[in-house]
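Step one of this worksheet: look at the structure below.
In the text below, chain A, chain B and the rest are named by the order of the sequence lines, each starting its count at 1. Small disclaimer: the values here were computed from a predicted structure and weren't measured.
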2 protein chains.
Amino acid sequence: MKSAIPETGVPITPPAAGNGGDRQETSLHGEVLLRLRDYVVEGNIPEGARVPERQLCDMLGISRTPLREALKVLAAEGLIELLPNRGARVRQLSQRDLEELFDVMAGLESLAGRLACELITDEEIAAIERLHYEMYGHYLHRDMHGYFRINQQIHESIVAAARNETLKTTYANFAGRIRRVRYSANFARKRQRWGEAMREHEAILDALRRRAASELSDILFQHLRNKRSAAIDHLAEGQDAGLETKPQGD
Amino acid sequence: MKSAIPETGVPITPPAAGNGGDRQETSLHGEVLLRLRDYVVEGNIPEGARVPERQLCDMLGISRTPLREALKVLAAEGLIELLPNRGARVRQLSQRDLEELFDVMAGLESLAGRLACELITDEEIAAIERLHYEMYGHYLHRDMHGYFRINQQIHESIVAAARNETLKTTYANFAGRIRRVRYSANFARKRQRWGEAMREHEAILDALRRRAASELSDILFQHLRNKRSAAIDHLAEGQDAGLETKPQGD
DNA sequence: AAGACAAAAAATGAATGCAAAATAGCTCCA
DNA sequence: TGGAGCTATTTTGCATTCATTTTTTGTCTT
């Protein structure tokens with residue numbers, strides 16, 4: 001068997017027992033969609049690898065119909081590619097694709113900041129401040145993992161403060177697309193960039209406190225632009241060195 | 001028959017003859033997707049109306065499998081809703097939904113402007129200038145339809161100048177979602193707003209000439225924000241007056 | 001022995017079939 | 001006469017089946 005998929009599969013619903021989780025998710029195909037999306041996003045399938053439907057069906061314990069529906073949706077989301085008569089592959093992101101994705105993310109966060117300034121409460125800002133100082137602590141301790149976790153929380157808080165569900169959903173979609181590279185692009189050794197990022201975050205917080213929408217928008221865009229450069233650089237190095245974007249646990 | 005769909009249906013492929021169009025689009029489901037998307041976007045199905053699968057199948061001359069795949073994709077795109085066990089409905093956009101969508105569009109155009117400033121050529125700017133003056137002509141002649149057509153071309157040119165296919169696709173997606181309301185939201189009577197819009201467009205062009213990215217970003221956002229207000233106002237009036245968003249030809 | 005052709009096997013795309021859920025239609029009762 | 005409850009029809013969700021297309025494998029030719 002030349003399977004490209006590691007055998008991590010667990011059937012979706014223990015064949016006929018009540019589904020243990022309280023997730024009221026109806027419809028098999030919806031469940032399949034969630035499962036498959038996570039499965040792809042988390043990098044369980046090698047990029048560009050062909051993914052036989054049958055195998056996924058066996059893995060998920062379903063028939064091809066709902067699976068194919070889910071695949072179509074994932075393709076529309078940009079996570080996978082569907083080649084006519086030749087099956088599905090995990091979409092391979094070129095450097096250009098990544099640049100584009102980062103830029104769109106930058107635009108979305110920039111927008112989020114702008115909108116957030118309109119209605120954000122003092123409490124929300126205070127919460128972000130707390131996250132900021134927590135992140136600063138991780139920075140001082142050189143705790144990369146903790147830093148990144150809080151960093152994401154800050155950005156998500158800003159998106160949440162924009163009070164725009166459509167934006168939030170779109171943001172989450174794009175975040176999912178680049179999640180795998182994001183992991184590997186933690187500019188691990190770029191100490192200098194790290195310091196820069198901290199300063200940028202201070203500027204973000206400052207602009208947010210003053211509700212300076214336009215300014216915050218600029219800062220966020222530039223911040224993400226810099227992140228993009230760091231990620232692309234890191235990735236390019238990694239590729240040159242032959243390092244694959246290996247999936248790594250959360 | 002209580003059909004909600006007007007009988008405009010033409011089978012996708014003249015049953016067994018070679019497909020007349022040179023559109024090499026393979027795969028029935030892809031064709032169905034395009035057809036159905038247009039069909040929905042153009043407002044052929046009343047909002048919120050239930051749409052039996054069978055009827056769409058008959059209309060398109062296909063079986064339910066590819067149709068359902070297309071429906072799932074359209075749902076993921078936000079054009080329709082899929083209620084479990086209760087079929088598909090054309091998504092009804094609340095006023096809040098529209099506000100959110102307009103804001104996201106504003107963010108995307110704002111981003112497009114910012115990016116465009118980085119690489120746009122003098123020729124591209126000249127082309128936009130030509131469009132601008134053409135639009136100005138329509139403005140002077142109070143030719144609403146022509147004005148709007150060129151207006152869209154200008155905005156699309158800016159998005160194109162951003163040189164970001166991902167952005168372009170995303171933009172197109174959102175544009176499709178609000179297309180039906182856009183038509184009806186031509187702030188038809190708002191002469192004052194029209195003049196404002198023209199002035200904003202001049203500012204856009206000015207910033208673009210100077211490649212003033214940040215400034216252009218602000219102007220575009222504000223421009224779209226104003227458009228949003230006009231659209232929402234108009235729509236609210238229309239609803240009060242009981243005017244439905246009736247589809248109108250291109 | 002290498003490449004080309006052909007047949008077999010497998011995978012995809014779409015249609016059909018079947019069970020469960022929802023809607024409608026109808027009867028019966030207050 | 002109006003409404004609650006039950007039955008019948010329709011509709012949805014998923015599995016299965018069938019027809020093409022692709023891929024693989026084996027053989028033959030040069």
Original post:
Are the side chain of E100(A) and the backbone of T166(B) linked by a donor-acceptor contact shorter than 3.5 Å?
Top reply: yes
**OP:** Over all heavy atoms of both residues, which pair between R89(B) and G48(B) is shortest? Give the atoms and the distance, please.
**Re:**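 Result for this residue pair: NH1-O, 2.7 Å.
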Original post:
How close do E53(A) and L71(A) get, heavy atom to heavy atom, and via which atoms?
Top reply: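 It is CG-CD1, 4.2 Å.
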**OP:** Map P84(A) and H29(A) onto DNA chain D by nearest heavy atom, then report which one ends up closer to the 5' terminus.
**Re:** H29(A)
Original post:
Between P66(A) and N85(A), which is nearer to the 5' end of DNA chain D once each is assigned its nearest nucleotide?
Top reply: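 It is P66(A) whose nearest nucleotide is closer to the 5' end.
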Which whole-number value in Å describes the distance from [X] [atom1] to [N] [atom2]?
{"X": "L71(B)", "N": "dT11(D)", "atom1": "CG", "atom2": "P", "answer": "15 Å"}
{"X": "E31(B)", "N": "dG13(C)", "atom1": "CD", "atom2": "P", "answer": "15 Å"}
{"X": "L83(B)", "N": "dT23(C)", "atom1": "CG", "atom2": "C1'", "answer": "14 Å"}
{"X": "L56(A)", "N": "dA10(C)", "atom1": "CG", "atom2": "C1'", "answer": "16 Å"}
{"X": "L67(A)", "N": "dG13(D)", "atom1": "CG", "atom2": "C1'", "answer": "15 Å"}
{"X": "R50(B)", "N": "dT12(D)", "atom1": "CZ", "atom2": "P", "answer": "5 Å"}
{"X": "L28(A)", "N": "dT16(D)", "atom1": "CG", "atom2": "P", "answer": "12 Å"}
{"X": "R54(A)", "N": "dT17(D)", "atom1": "CZ", "atom2": "C1'", "answer": "13 Å"}

If you check every side-chain atom of [X], which of [options] has the closest atom?
{"X": "S27(A)", "options": "dT12(C), dT12(D), dC14(D)", "value": "dC14(D)"}
{"X": "R68(A)", "options": "dC14(D), dT11(D), dT12(C)", "value": "dT12(C)"}
{"X": "T65(B)", "options": "dT12(C), dA15(D), dA15(C)", "value": "dA15(C)"}
{"X": "S63(B)", "options": "dT11(D), dA11(C), dT16(C)", "value": "dT16(C)"}

Subject >> Presence of R86(B) side-chain N/O under 4.0 Å of dA21(C) phosphate oxygens OP1/OP2 >> reply: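 False: R86(B) side-chain N/O out of range (4.0 Å or more) of dA21(C) OP1/OP2.
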Subject >> Row check, F221(B) ring normal vs R114(A) NZ/CZ: under 6.0 Å, within 45° >> reply: yes
**OP:** Give a yes or no on whether a donor-acceptor pair under 3.5 Å exists between the nucleobase atoms of dG13(D), that is its base, and the side chain of R64(B).
**Re:** yes
Subject >> Candidate pair S94(B) and D97(B), rule side chain to side chain donor-acceptor pair (under 3.5 Å), full reasoning >> reply: CA-CA 5 Å; S94(B) 67; D97(B) 288 331; 3.1 Å; yes
